[in-house]
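Below is one structure, written out as structure tokens; comments come after it.
Computed from a predicted structure; not experimentally measured. The chains referred to below are lettered A, B, ... by the order of the sequence lines, with proteins before strands, and numbering in each begins at 1.
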Amino acid sequence: MNYWLLKTEPSTFSWDDLVRKGCAEWDGVRNYLARNNMRAMAKGDLCFIYHSVGKPEIVGIARVVASAHQDSTDASGVWQCVDVEPVKKLLRSIPLAEIKSNTQFAAMKLVTHSRLSVQPITADEWKNILALV
DNA sequence: GCCAACGTTGGC
DNA sequence: GCCAACGTTGGC
């Protein structure tokens, strides 16, 4: 099983929106690297949901329920998305500042490639983030 | 195929 | 609101 981080602007689609829907297409991604990462995602993989803009922080955990398929918001057929469902909200959101200030996360894509919206997370990073909660 | 111009993302 | 980082576009 692999781990991932999904970024979203809460004003567009927030953690609460995901909980309300129960299951959602992670659509609207228009970046090739992010798309390739989604293609590598398998059913059952776990993802951190990260809120960008405003209050940057990791807010919850979601599970992949369908691997990459056509993005229904894209007519060209170029873009794909996965389906995710909420697993649980973190008891305490982990702010970006806290991740940046901790040297054990220096190699995280969130730090080194801050604009990538779908990122792989290593098992160690996953475990260490959860240890902060 | 290079690179300048431009648009977007997203932290601060 | 500013600006750095980065992706994309298009002229040559």
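- Note: CE (M108(A)) to P (dG11(B)) measures 13 Å, nearest angstrom.
- Rounded to whole Å, atom P of dA5(C) lies 16 Å from atom CG of L110(A).
- At whole-Å resolution of the value, CG in L116(A) and C1' in dG10(B) are 13 Å apart.
- Counting only distance, with no hydrogens or angles, the side chain of D45(A) and the backbone of N2(A) share a donor-acceptor pair below 3.5 Å.
- Between K100(A) atom NZ and dA5(C) atom C1' there is a gap of 11 Å when expressed in whole angstrom units.
- In the set dC6(C), dG7(C), dG11(B), the nucleotide with an atom closest to the side chain of L96(A) is dG11(B).
- Residue K55(A) is classed as having no contact, given no heavy-atom separation below 4.0 Å to the nucleic acid.
- Dashed line: the shortest gap from a side-chain N or O of Y32(A) to OP1 or OP2 of dC6(C) is not under 4.0 Å.
- Enclosure of atom NZ in K109(A) is not indicated, since only 12 or fewer non-hydrogen atoms of other residues, nucleotides or ligands lie within 6.0 angstrom.
- Note: NE2 (H51(A)) to C1' (dT9(B)) measures 17 Å, nearest angstrom.
- dG7(C) atom C1' lies 14 Å from atom NE2 of H113(A), rounded to whole Å.
- Between K7(A) atom NZ and dC6(C) atom P there is a gap of 11 Å when expressed in whole angstrom units.
- One interatomic measurement links the two molecules: CG of L33(A) to C1' of dA5(C), which rounds to 15 Å at whole-angstrom precision.
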message: The test is side-chain hydrogen bond (donor to acceptor under 3.5 Å, both in side chains); show your working for T73(A) and R30(A) and say whether it passes.
response: CA-CA 11 Å; T73(A) 66; R30(A) 297 293 182 268; 3.1 Å; yes
- request: Take W79(A) and Y32(A), measure what ring-ring contact (aromatic ring centres under 6.0 Å, His included) needs, and give me the verdict at the end.
  value: CA-CA 8 Å; W79(A) 303 109; Y32(A) 287 101; 4.7 Å; yes
